[in-house]
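Within every chain, numbering begins at 1; the chains are lettered A, B, ... in the order of the sequence lines, protein sequences first and strands thereafter. Values in this document were obtained by computation on a predicted structure and should not be read as measured data.
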2 protein chains.
Amino acid sequence: MHIELLRRCQYFADLPDQTLAAAAAAAQLRRVPTGDFIFRQGESASHFYVLAEGHARLSQISPEGRQIIMGLIGPPIEIGIIAAIQGAVYPLDLQATQDCQALAWEHRTLIRLLESHPMLALRALRMVSGRFVELQDRYRELATERVERRLARALLRLVNQSGRPDGDDVTIALPLARQDLAELTGTTLYTVSRTLSAWESSGIIRSGRERVTLCDLPRLSEIAEG
Amino acid sequence: MHIELLRRCQYFADLPDQTLAAAAAAAQLRRVPTGDFIFRQGESASHFYVLAEGHARLSQISPEGRQIIMGLIGPPIEIGIIAAIQGAVYPLDLQATQDCQALAWEHRTLIRLLESHPMLALRALRMVSGRFVELQDRYRELATERVERRLARALLRLVNQSGRPDGDDVTIALPLARQDLAELTGTTLYTVSRTLSAWESSGIIRSGRERVTLCDLPRLSEIAEG
DNA sequence: GGAGATCGTTGCGCTAGCGCAAATTCGGAC
DNA sequence: GTCCGAATTTGCGCTAGCGCAACGATCTCC
């Protein structure tokens, strides 16, 4: 049931049943096969989504064609609120990297829900605010930290979010190419490859094609935090 | 009157009188002399502000002590909502670079206003969303663009926000050291100085101690946009 | 199980930008 | 007017990271 999904969302978890029920009733389920776009940068922001199944990639492409990845996301997560609330265009691509299912609310439905359920609007505000602070931290990181540290932090974030225990180690349970890591951290696939190779020699990680396993979290954390 | 100020705020401008009056009635005026902090990074986020008079600097300092500037702001502007809504700590310093006056709402007052005026909550959501998109653009810029382009864009942003006509040219009406520009664009004061010197030789700008005047906007825009 | 495509590695040269240090300019205080 | 401190400029050497190119590894699809 949709309401169960909403209850697992970080920012909606403790809303009253009645509010969640109203929200759930207004949602439509959308299925998106691997590789398809849930929405595309520049498209009119018609819907707000809660991702229910499958992983997806949030990316942005610069006018010169260089892509950056803003996030690799997995369920349950609220997404598209920023564009949908403004009635603007999506500022990002969201591409399914697995078969996905998402609850969708149309722009007008969303506005109506937020107007009639002030608690919901407050939660949405908290959610966007939380995302803002995270982005601000990444911005500072990019402005002030070396590649090595940014990469270490990206791996730790990913393992927190999508880690799967693997003996004493933890594998990031996402297909994760060197190019992806480069676009997540603002560097190039060459530098990522060289850095991972060095870490693999020192036993901090193991890695393979589109796969990274963290073996020595303390040492990686030390690189990440200084 | 406070309500007049709110009506000049981008995101509150067209709210009904009744809503603005309720908000204005709950505000307190706070005066902050030049150099003092309106709030500090890590402080409990007790208030939401609307800056009414004077300019201020939003900055963040990294654990290693390197500072970055997130923005140089002038009235009227809404500020601190992100921290105040979460009841968290301010993620930034806000320092008065002139004598400032600001309307202040206490955390609980803000929450109460947002709960009882859904339109207000929606506007706040739009505001934070707009800021998010701007920050995301700066993030992409930092990840993908050269210093020269980032600097050109920063100057154009500043002149849009605080430009004062000066004959055929436009001067940025803020004390603006090379160090400030460096911290705004994620580079060093040396690179800023060298770049500005080169631009001055080609007649794109004029500059002096803590002062920059743009002379050739088309050429600067071309550097900024490619 | 072979061919082709995709992904990853690494040598090598290069460049954008860093950052020290010294010189210079500017503004304000007295 | 003079002095002092802060801001700026610029020479110089350096390095982190870029990016090409060539090669190697791995997966997938017949």
Side-chain angles (χ1 to χ4, degrees), chain A residues 34-35 57 62 64-69 72 97 141-155 171-172 174-202 204-213 223 226, chain B residues 34-35 57 62 64-69 72 97 141-155 171-172 174-202 204-213 223 226:
Chain A
T34 305
R57 167 190 306 167
S62 76
E64 300 85 41
R66 185 150 165 203
Q67 181 174 271
I68 61 165
I69 297 181
L72 299 171
T97 48
E141 200 175 296
L142 191 55
T144 63
E145 309 286 7
R146 299 267 154 97
V147 167
E148 192 178 44
R149 180 164 295 180
R150 301 204 303 270
L151 189 54
R153 290 200 186 159
L155 289 178
T171 293
I172 295 170
L174 289 173
L176 190 64
R178 303 295 182 267
Q179 179 76 41
D180 294 331
L181 282 170
E183 290 172 2
L184 263 174
T185 53
T187 179
T188 63
L189 79 104
Y190 308 107
T191 301
V192 170
S193 178
R194 281 186 257 266
T195 307
L196 294 189
S197 293
W199 287 346
E200 189 147 14
S201 307
S202 5
I204 299 174
I205 65 160
R206 279 177 291 128
S207 77
R209 188 190 179 93
E210 300 189 315
R211 185 182 50 73
V212 179
T213 303
I223 293 169
Chain B
T34 306
R57 166 190 306 168
S62 77
E64 299 85 41
R66 186 152 163 199
Q67 181 173 269
I68 62 165
I69 297 182
L72 299 172
T97 48
E141 201 176 295
L142 192 55
T144 63
E145 311 285 6
R146 299 268 154 97
V147 166
E148 192 179 44
R149 178 163 297 178
R150 302 205 303 270
L151 188 54
R153 290 200 186 158
L155 289 178
T171 293
I172 295 170
L174 289 174
L176 189 65
R178 303 295 181 268
Q179 179 76 38
D180 294 332
L181 282 169
E183 289 172 2
L184 263 174
T185 54
T187 179
T188 63
L189 81 106
Y190 308 108
T191 300
V192 170
S193 177
R194 280 186 259 267
T195 307
L196 293 189
S197 293
W199 287 346
E200 189 147 15
S201 307
S202 5
I204 299 175
I205 65 160
R206 278 178 291 127
S207 78
R209 189 188 178 94
E210 300 190 316
R211 185 182 50 72
V212 179
T213 303
I223 293 169

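Every residue two or more places apart in sequence or in another chain that forms a side chain to side chain contact (heavy atoms under 4.5 Å, CB included) with A:Ser202 is listed here: A:Ile204, A:Arg219. Evaluation of the side chain to side chain donor-acceptor pair (under 3.5 Å) rule for B:Ser207 yields B:Arg178, B:Glu200 as partners, not counting sequence neighbours. In this view, A:Ser62 and A:Glu64, A:Arg66, B:Arg140, B:Thr144 satisfy the side chain to side chain contact (heavy atoms under 4.5 Å, CB included) rule, not counting sequence neighbours. Checked against side chain to side chain contact (heavy atoms under 4.5 Å, CB included), A:Ala177 has the following partners two or more places apart in sequence or in another chain: A:Asp180, A:Glu210. Scored by the side chain to side chain donor-acceptor pair (under 3.5 Å) test, A:Arg146 finds no partners at all (sequence neighbours excluded). By the side chain to side chain donor-acceptor pair (under 3.5 Å) test, B:Arg206 is found to be paired with B:Asp169, residues two or more places apart in sequence or in another chain being considered. In terms of the side chain to side chain donor-acceptor pair (under 3.5 Å) criterion, B:Ser197 has no residue partners (sequence neighbours excluded). Residues passing the side chain to side chain contact (heavy atoms under 4.5 Å, CB included) test with A:Thr195, sequence neighbours excluded: A:Glu148, A:Leu151, A:Thr191, A:Trp199.
For the helix from C:dG1-D:dC30 to C:dC30-D:dG1, the angle separating the two terminal helix axes comes to 50°, with each axis derived from five pairs and the value rounded to 10°.
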Between the protein and nucleotides 14-22 of chain D, list the N/O to N/O atom pairs that are separated by less than 3.5 angstrom.
unit_1	atom_1	unit_2	atom_2	d
D:dG17	OP1	A:Val147	N	2.9
D:dC18	OP1	A:Thr187	OG1	3.1
D:dC18	OP2	A:Thr187	OG1	2.7
D:dC18	OP2	A:Thr188	OG1	3.2
D:dC18	OP2	A:Thr191	OG1	2.3
D:dG19	O6	A:Arg194	NH1	3.4
D:dG19	O6	A:Arg194	NH2	2.4

Pull out every protein N or O sitting under 3.5 Å from an N or O of nucleotides 28-30 of chain C, one pair per line with the distance.
none

Report each atom pair, protein N/O against N/O of nucleotides 1-7 of chain D, whose distance is under 3.5 angstrom.
unit_1	atom_1	unit_2	atom_2	d
D:dA6	N3	B:Arg209	NH1	3.4
D:dA6	N3	B:Arg209	NH2	3.4
D:dA7	O4'	B:Arg209	NH1	3.4
D:dA7	O4'	B:Arg209	NH2	3.4

